[in-house]
Protein chains: 2
Amino acid sequence: MFVRNSDVTSRSSSLRDLGMTSDLNPAVSLSEFSYKKGTEIYGEKEPAEYVYQVKTGAVRSYKLLSDGRRQIGAFHLAGDIFGLENGSSHRFTAEAIVDTTVRLIRRQTLELVADNDPVVANNLLNMTTTNLQHAEDHMLLLGRKTSLERVAAFILEMDQRLTGADVIALPMSRRDIADYLGLTLETVSRALSRLHEFGIIEFVGNTQRQIVLSDRQKLATIDLQG
Amino acid sequence: MFVRNSDVTSRSSSLRDLGMTSDLNPAVSLSEFSYKKGTEIYGEKEPAEYVYQVKTGAVRSYKLLSDGRRQIGAFHLAGDIFGLENGSSHRFTAEAIVDTTVRLIRRQTLELVADNDPVVANNLLNMTTTNLQHAEDHMLLLGRKTSLERVAAFILEMDQRLTGADVIALPMSRRDIADYLGLTLETVSRALSRLHEFGIIEFVGNTQRQIVLSDRQKLATIDLQG
DNA sequence: CGCGGGATTGAATTAGGTCAAAAGCCGTGG
DNA sequence: CCACGGCTTTTGACCTAATTCAATCCCGCG
């Protein structure tokens, strides 16, 4: 279930790497795992043994209905922490979107540290709050935005998060985007074409997954906020 | 903004009333406020000065788009705690659905206590996690369920939460339900009629807001889970 | 080069939205 | 007690945004 298809490279490191800002027991050991594109990192309802941080690659977290309908709750990109559960089991299935390397730490270890270090405990609360905030915003998108608004919001989100070059290199397919936005892949494709027609985005290179945001201003007016 | 239209009745009480299970400084004082049906308790982006617990009545928390589209993120019923923010300002607007009385505590006070009592701190994390879990499930509903499935899920949720008599007495209007489920009020009404035709629910009394769940089994098959 | 999995685009379908009317319910005041 | 006015809810008819179904198209890669 858990380790399946991975290169294990145990390294010693500090919790700072997990986003904890306090100095603390540097003897806590972190490991690295790699997952091939499309493989499962953990399944919904599995016991939450580890907490993960994306080192390279990208991950999708999703829920399924019994008939296969899928809702992706979040994408996890380089640096993001995921799989942090307060309860004892995972509430999403997590899969590598592309070949991905993660750092991981035993949940139990983290809890132990948190119990003795209020700063770490507070960081856990902050991370959970960040996740909650994202989910709250996403409920508004899923419940009330049009397809064009959703795709615009998506591009803006990715632009913010992939804060590297001016090219947005999307790791995920149209289907993934659709399942994140509560749409079909065709609708996503049409919306992207429309944004292109409007002169708001350009497709670059030969792949369809690299996007240049030519008019962030106009895009922001399409995705109306509060 | 905050106190506007309320009867203030300051009382002394213990934090236990706020759902904190640990014994702690009983000198912390709680107040009670009342809000008339339809009035705002706090607005989105206002500084989060207090944390609230519904004593009687019901509250809706929502976000608005600039053109008036509304997404209700949660309903708060008797006993529920709401308005707990980690950041400094509210992320929803909260309104009394019917005449409502709340207990409240200064956020600052709560934080102070949490800093010194790891049990309270842990309760804050648990509450945030509960909210997160609800939002995650609601994303699946909003993104991927049909109108009938959404309304079925709503009835089941209310049945669970209004765990009193066998009559589900809904405090909220069809429009509120619609804005919670990402539908229109007409679609909600039609779905309820359909559930009635199917012999799954009955309307009781003279109001349309009291529902008897005749066949919980069948209802559960309509709202398909994971 | 040719194969295969995305991605795009078009045409037809439909679930849910919109618009409109009628019915039901509740409070108020005569 | 009844009548009136202002809701909310239901129901019907029609409309549309998004889905579904179905071709291509397009690249990346063996």
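Naming: A, B, ... by sequence-line order, numbering from 1 per chain.
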- prompt: Can you tell me if B/Thr187 uses its side chain to pair, donor with acceptor, with the backbone of B/Leu183 under 3.5 Å?
  reply: no

message: Test your reading of the model: is there a side-chain donor-acceptor pair from B/Thr100 to the backbone of B/Val98, 3.5 Å cut-off?
response: yes

message: For A/His134 and A/Tyr180, take the angle between the two ring planes, folded into 0 to 90°, and tell me which bin it lands in: parallel under 30, tilted 30 to 60, perpendicular over 60.
response: parallel

message: Tell me whether the rings of A/His90 and A/Tyr42 are parallel (<30°), tilted (30 to 60°) or perpendicular (>60°).
response: parallel

Rounded to whole angstroms, how far apart are [atom1] on [X] and [atom2] on [N]?
X	N	atom1	atom2	value
B/Leu195	D/dT10	CG	P	12 Å
A/Glu186	C/dA7	CD	C1'	10 Å
A/Arg209	C/dG5	CZ	C1'	10 Å
A/Gln208	D/dT24	CD	C1'	14 Å
A/Leu181	D/dA17	CG	P	19 Å
B/His196	D/dT9	NE2	P	16 Å
B/Leu185	C/dT18	CG	P	10 Å
A/Leu192	C/dA7	CG	C1'	10 Å

Distances under 3.5 Å between protein N/O atoms and the N/O atoms of nucleotides 14-17 of chain C, please, pair by pair.
unit_1	atom_1	unit_2	atom_2	d
C/dG16	OP1	B/Ser147	N	2.9
C/dG16	OP2	B/Ser147	OG	3.0
C/dG17	OP2	B/Thr184	N	3.3
C/dG17	OP2	B/Thr184	OG1	3.2
C/dG17	OP2	B/Thr187	OG1	2.5

Check ion pair [X]-[Y] (N to O, under 4.0 angstrom):
X	Y	value
A/Arg60	A/Asp176	yes
A/Lys36	A/Asp99	no
B/Arg107	B/Glu49	no

message: How bent is the helix from C/dC1-D/dG30 to C/dG30-D/dC1, measuring the angle between the end axes built from five pairs each, rounded to 10°?
response: 30°

- prompt: With a 6.0 Å cut-off on ring centres, are B/Tyr52 and B/Phe82 close enough?
  reply: yes

message: Among residues at least two apart in sequence or on other chains, which ones pass side chain to side chain donor-acceptor pair (under 3.5 Å) with B/Thr93?
response: none

query: Can you find a side chain N or O atom of A/Asn206 that sits less than 4.0 Å from OP1 or OP2 on D/dG28?
result: yes

